[in-house]
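The chains referred to below are lettered A, B, ... by the order of the sequence lines, with proteins before strands, and numbering in each begins at 1. Hydrogens, waters and symmetry mates play no part in the numbers below; they use all other heavy atoms, side chains included. Fair warning: this is a prediction, and the values are worked out from it, not measured in the lab.
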Number of protein chains: 2
Amino acid sequence: MNDKILIIGTGAIGGFYGALLAKAGAEVSVVCRSDYPVVSAQGYRIISRDLGNWNFKPAQVVTRAADFQGAADYVILCSKLTADINRVELIRDAVSTHTVIVFIQNGVETEQEMRNAFPDNEVVSGLAFICCNRIEPGVINHLAYGKLTLGNLPQSVSDKTHHLAGLFNESGIVCTTMDDIVTGRWIKCVWNAPFNPLSVLSGGLATQDILRTQETFIRDIMQEVCLLAAACGHPLPDDIIDTNIENTYSMPPYKTSMLLDFEQGRPMETEAILGNSVRAAERESLACPNLQALYALMKLRELKIQSSSSLSDNAV
Amino acid sequence: MNDKILIIGTGAIGGFYGALLAKAGAEVSVVCRSDYPVVSAQGYRIISRDLGNWNFKPAQVVTRAADFQGAADYVILCSKLTADINRVELIRDAVSTHTVIVFIQNGVETEQEMRNAFPDNEVVSGLAFICCNRIEPGVINHLAYGKLTLGNLPQSVSDKTHHLAGLFNESGIVCTTMDDIVTGRWIKCVWNAPFNPLSVLSGGLATQDILRTQETFIRDIMQEVCLLAAACGHPLPDDIIDTNIENTYSMPPYKTSMLLDFEQGRPMETEAILGNSVRAAERESLACPNLQALYALMKLRELKIQSSSSLSDNAV
């Protein structure tokens, strides 16, 4: 019998990974809100430089988890982790006794909420290293990369997780598993903590321009993430900063996901990446002035977006 | 005989203070570039809520210091202190043996360049606490405040400085003198170092919104300026941070001068306020992570303004 998989949060990442799982033979359904009219009629069109182009017609297209028919083997949450969403409420109605809950999202210290809400389910944390965009309703452009890393919470890899990783690998992308996925989250944060906010606060610079002119500052921020991860019980590899710097120099100039969200007026993952880091630093009594400054500045930037405060044209 | 005064850098601040000195009976000339056609024909129109409206017709209107006729008793430099100007070259041709050089500009550690260039002249450092705008060529709107503080370098107040302060006081504004004007510059920097860059990096927030939501961050930045000033030999009053916070809460919501420069596409005083502070911190081996972060971010913001780097729409 085919695996029954429900994807929730079907922007570019959810639609793309759902389409891959369908390609590997799973019965994939989606909870889809804004693009519902197009997706329920036609499904998704995937355009991928590396994997070719194909159509993905979900088994069920619904607008909320409660409308999903049947019992899901896996519920995969792919929404952005922004302050305006309630992750537990988004998925609760589709979770049954044997459902494995997978969340593929950025950010650190995002585990406990899910474990508390679903103490009797397997909870799997996932990290996506991918460049893809929704270019119009139901049309997803996969530009580069695609690698996934999965691991059960708190620290293991179950048979069901190995099985899911196998489906992804059959579909043509690389999916690895990691016994300590929480360390994996901190590793991803080493890159996200500097480049995501700096791309927004600079007014839209690509990664290359940021790194080329402010490498010392980038390294200082990365160092704070490393110290913080270690303080939280997840020491990172010694060469992780050098590796991130070298890899970023050899990447093409990028807009970060936070910059794309900013430019398109969408909520940003400020809390998941910076807010949770700063709160962890406070809990561990660790000074992280750069992370604090970036968090404060991103909160100001968000306040400016929300407000249209009337100003007098005075100068001091 | 009337004092011969040459104002160089006749944006809003130079035009306004020049008009006050003329009102007090001095013979005031101006070096004026962009507004030369209007100013040479009609002079300045000053519109002031507190001091009324009047016209100021300069004795001479020239486009460069070399064209000034006669010997100036005072040369007063009022340009913004941005990376693109050479202060010494702007004034050199109008400086003679007995000329007192006054610079009314923001920033810290700005003294040595002037003292080195004019070792035989009196050099006076000035600080303006004022809200005024050039609303069209030759028309200056004085919105509020206006106080000046003057002091000779390195640490004194000369008779000629007392005399100049007297002219300003006769004209209707308050002008005080200060034996240690360098300390005065650090005091002004306590406010400028947080509010100027945060107004730009937030995307245009007024002072009230910044302070209301990020008071702790503001205090952290101010504390670094205080420690730095002390390390540079200029300890500041114990209550300076509290005073600045209270005063800012009781001011109307402001756009900072740096935000106005940013919005109008003019160069910003990043180097004078932040770059010079960070370099002083390095010289004194003092950790100032917040000032460093703000400086790095402002440099990135300026790089974005200068560049129109081509970006691919990728997301990580």
> If you measure from CG on B:Leu297 to CD on A:Gln214, what distance do you get to the nearest 0.5 Å?
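These two atoms lie 8.0 Å from each other.
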
> Report the distance from atom CG of A:Asp209 to atom CD of B:Gln306, rounding to the nearest 0.5 Å.
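Reported value, rounded in 0.5 Å steps: 10.5 Å.
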
> Taking all atoms of both residues into account, what is the closest heavy-atom pair of B:Asn290 and A:Pro289, and its distance?
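B:Asn290 and A:Pro289 have their closest heavy atoms at OD1-O, 4.1 Å.
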
> Kindly indicate, with the supporting measurements, whether the criterion side-chain contact (heavy atoms from CB on, under 4.5 Å) is fulfilled by B:Leu201 and A:Ser202.
CA-CA 7 Å; B:Leu201 294 169; A:Ser202 67; over 6 Å; no

> Can you see which heavy atom on A:Ile210 is nearest to which on B:Leu300, and at what distance?
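The answer is CA-CD2, 3.8 Å.
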
> Given that the side chain runs from C-beta out, which part of B:Leu294 has a heavy atom under 4.5 Å from chain A: side chain, backbone, both or neither?
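For B:Leu294, the side chain is the part near chain A, not the backbone.
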
> Give, as side chain, backbone, both or neither, the part of B:Phe217 having an atom under 4.5 angstrom from any heavy atom of chain A.
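For B:Phe217, the contact with chain A is made by the side chain alone.
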
> To the nearest 0.5 Å, tell me how far B:Leu205 CG sits from A:Leu303 CG.
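Those atoms lie 5.0 Å apart.
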
> Restricting to non-hydrogen atoms, name the atom on B:Gly203 and the atom on A:Lys304 that form the minimum distance, rounded to 0.1 Å.
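Closest approach of B:Gly203 to A:Lys304, heavy atoms only: O-CE, 3.4 Å.
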
